[in-house]
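See below for the structure under consideration.
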Amino acid sequence: MHDAMQQAIRQALASEAFGTAQRLWEEYAATVRQEIEAGTATAAGMAEMRELVEWSRLVTLSFRAHAAGRLSQSHAARAYSGG
């Protein structure tokens, strides 16, 4: 079950579907929270979640930096074109 949820999150982020990724993350976190509360969470499952958190953070930062670069180029192009 976690594999499918993790893959869906990765796919959403890779597709720049950030709203979908956020919704999927909320569902995944709720599932993990229930496992923790029930005492059924495993160390391996928590390690997988930590890895996905780190991957998601890096992907998001990368997209953010790329968007900032495009915005900066747009401003520069407008300044040089007299716009």
Side-chain angles (χ1 to χ4, degrees):
M1 179 170 166
H2 286 243
D3 288 343
M5 293 176 91
Q6 292 171 359
Q7 187 59 35
I9 291 168
R10 289 179 189 275
Q11 182 61 43
L13 286 172
S15 301
E16 300 183 45
F18 298 111
T20 299
Q22 181 177 349
R23 181 183 52 78
L24 291 168
W25 255 115
E26 289 168 359
E27 291 175 19
Y28 180 45
T31 299
V32 172
R33 184 178 334 117
Q34 289 172 350
E35 290 176 359
I36 292 169
E37 291 171 353
T40 59
T42 65
M46 297 306 293
E48 288 176 2
M49 185 176 196
R50 277 191 301 276
E51 189 277 327
L52 184 59
V53 166
E54 182 61 18
W55 181 88
S56 297
R57 185 183 75 80
L58 291 173
V59 168
T60 302
L61 288 173
S62 175
F63 277 115
R64 207 164 122 191
H66 184 69
R70 286 187 304 199
L71 183 60
S72 179
Q73 288 174 346
S74 173
H75 288 298
R78 195 171 337 141
Y80 285 111
S81 70

Checklist entry - So if you build clusters from Ile, Leu, Val, Met, Phe, Trp, Tyr with side-chain heavy-atom gaps below 4.5 Å, do M46 and W55 land together? => result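 In one cluster: yes.
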Item to check | Validation row: R57, T60 side chains within 4.5 angstrom (heavy atoms) | outcome: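 Heavy-atom side-chain distance check fails, nothing below 4.5 Å.
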Item to check | Side-chain heavy atoms of T40 within contact of Q34, under 4.5 Å | outcome: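 In short, these two side chains do not touch, never coming nearer than 4.5 Å.
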Minimal non-hydrogen separation, [X] against [Y], with atom names:
| X | Y | value |
| --- | --- | --- |
| A8 | L24 | O-CD1, 3.5 Å |
| A29 | M49 | CA-CE, 4.1 Å |
| S56 | W25 | OG-NE1, 3.3 Å |
| Y28 | L52 | CE2-CD2, 3.7 Å |

Checklist entry - Taking atom CG of L13 and atom OG1 of T20, what is their separation to the nearest 0.5 Å? => result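 The CG atom of L13 sits 10.0 Å away from the OG1 atom of T20.
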Checklist entry - Can you tell me how far CD1 of I9 sits from CD of Q22, rounded to the nearest 0.5 angstrom? => result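 One gets 11.5 Å once the value is rounded to the nearest 0.5 Å.
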Item to check | Pairs meeting criterion salt bridge (charged side-chain N to carboxylate O under 4.0 Å, His left out) with involvement of residues 33-51, two or more places apart | outcome: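 Salt bridge (charged side-chain N to carboxylate O under 4.0 Å, His left out) check on residues 33-51 returns R10-E51.
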Item to check | CA sep, side-chain torsions, deciding dist, call: Q11, Q7, side-chain hydrogen bond (donor to acceptor under 3.5 Å, both in side chains) | outcome: CA-CA 6 Å; Q11 182 61 43; Q7 187 59 35; 4.7 Å; no
